[in-house]
Number of protein chains: 2
Amino acid sequence: MEMRRIDPVNCSVARALSVVGERWSLLIVREALDGARRFGEFHSRLGIARNLLATRLETLVTAGVMRRVPYQEPGDRQRFAYELTEQGRALRPTLVALLEWGDTYLADPQGPSVIVRHRPVDEGSSCDEPVKVVLECAAGHSHLAPEDVCRTPGPGARLVESS
Amino acid sequence: MEMRRIDPVNCSVARALSVVGERWSLLIVREALDGARRFGEFHSRLGIARNLLATRLETLVTAGVMRRVPYQEPGDRQRFAYELTEQGRALRPTLVALLEWGDTYLADPQGPSVIVRHRPVDEGSSCDEPVKVVLECAAGHSHLAPEDVCRTPGPGARLVESS
DNA sequence: TTAGTGAGTTTAATTCTTCAACTCAGGGGG
DNA sequence: CCCCCTGAGTTGAAGAATTAAACTCACTAA
């Protein structure tokens, strides 16, 4: 029985993974979200090989996830730092989701190594409560279980024949 | 100025990525969430090489993300299908987050190819509204912006010296 | 007996990662 | 001035991962 389904290749998940699905890319973004800015910071925090770090940063910059900004420490020459664009910061929910999944199923026996907290940049430590990622629909139903959602074709869907 | 920060290697994000961060792994999980169960289904939907699919499925099974279950079509020999465990289904928020990010920044000009909808398995199509992933803290503050959260050490954190 | 199918293996070519060594531009000490 | 130091990369060779294509295996159907 033939049916038409969403083309799995023309999908934003696949496109997203083609940008941030390479080894190290999401870890670089995570460190950037945590304040890393300079080549050497990424290198020493992650232990990634230098040449790979250079190509990953370049990939992330051309993809619009990061931006290369010149900086100059007093009494030193000009160097470059890497900071997240708004597009890069928008990966936070993805990283929180991965963190939560890892904490739930692969955690250290000691407990989670990282807790994400509600701590706005401008106010002090107003709330500080742990943050979770939740699925919520446009009608306001929140905390949906994974089984309560399904994929449907959108306006840009290509449909393909499939068994 | 020395400071102690969270060891980036002892982190659930890194552990999660060591399980689902390989090329194809998350796409295999996505297809499984969308109903794929058999070797050939994954193969033809994704166009992945057969040997890689075999090793990825094996990795996912040993990691506890999927389960290998025997099945037998009438008048055919016994074969094996692959289905998600609860741990595998728990990757849904991660995939929705990636999908949303891809839709926002890398979308097809036609619009998103996939829309995730609130459609519980048991009830019919009760709600059907589009689903988004949101950050929410334990105090009930919802729809947090990426800038409003930060990482803090948890009970299992190892701290390392860093510049 | 011969052909066909789903589910994999095997193999060889290509690509990606890693590690180590090297470059390049400036700063500081002697 | 000369030599060594640092941060930020680049280059090159060895090792690991990915790909495509051909092959196996167990069984069914004609």
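Residue numbers start from 1 in every chain, and the chains themselves are labelled A, B, ... in the order their sequence lines are given, proteins ahead of strands.
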Practice item. Indicate, with a heavy-atom threshold strictly under 4.0 Å, whether A:Y71 touches base, sugar-phosphate, or nothing. Key: sugar-phosphate
**Study point:** Cluster link B:V160 to A:I28, ILVMFWY, side chain under 4.5 Å
**Key:** no
Check your understanding: Is there a side-chain polar atom (N or O) of B:Y82 under 4.0 Å from OP1 or OP2 of C:dG6?
Key -> no
Check your understanding: How long is the line joining CG of B:L52 and C1' of C:dT9, in whole Å?
Key -> 13 Å
Study note, to complete from the structure: From CZ of B:R38 across to P of C:dG8 the rounded distance in Å is 11 Å
Check your understanding: Within a reach of under 6.0 Å around CD of B:E58, are more than 12 heavy atoms found that belong to other residues, nucleotides or ligands?
Key -> no
Check your understanding: Side chains of B:L33 and B:L84: does their closest heavy-atom pair fall under 4.5 Å?
Key -> yes
Study note, to complete from the structure: Per nearest nucleotide of DNA chain D, the residue lying toward the 5' end, A:R68 or B:G47, is A:R68
Point to revise | Whole-Å gap separating C1' (C:dC19) and CG (A:L53) | key: 15 Å
Check your understanding: Taking C-beta and beyond as the side chain, do A:F39 and A:L57 meet within less than 4.5 Å on heavy atoms?
Key -> yes
Revision key, fill the gap. From CD1 of A:I48 across to P of D:dA8 the rounded distance in Å is 15 Å
Practice item. When you get a sec, tell me which of D:dA8, D:dT10, D:dA17 is the closest nucleotide to the side chain of A:A54? Key: D:dT10
Check your understanding: Between the base of C:dT10 and the side chain of B:N51, is there any donor-acceptor pair under 3.5 Å?
Key -> yes
Point to revise | Flag side-chain contact, heavy atom, 4.5 Å: B:D108 against A:P155 | key: no
Exercise for review: Answer yes or no: is there a side-chain heavy-atom contact under 4.5 Å between B:L98 and B:R30?
Suggested key: no
Check your understanding: Would one find a side-chain N or O of B:W24 under 4.0 angstrom from OP1 or OP2 of D:dT19?
Key -> yes
Practice item. May I have the distance from B:H43 (atom NE2) to D:dA21 (atom C1'), rounded to whole angstrom? Key: 11 Å
Scan nucleotides 23-30 of chain D against the protein and return all N/O pairs shorter than 3.5 Å with their distances rounded to 0.1 Å.
{"from": "D:dT28", "atom 1": "O3'", "to": "B:G75", "atom 2": "O", "distance (Å)": "3.2"}

Exercise for review: In whole angstrom, give the distance that lies between atom CZ of A:R45 and atom P of D:dG7.
Suggested key: 15 Å
Review point. Between B:C11 and B:I6, is any pair of side-chain heavy atoms under 4.5 Å apart?
Key: no
Review point. Roughly how many Å is it from CD1 in B:I28 to P in C:dA7, rounded to a whole number?
Key: 14 Å
Check your understanding: Tell me: CD of B:E41 to C1' of C:dT5, nearest whole Å?
Key -> 15 Å
Check your understanding: Where the side chain of A:R23 is concerned, which of C:dT17, D:dA8, D:dA20 is the nearest nucleotide?
Key -> C:dT17
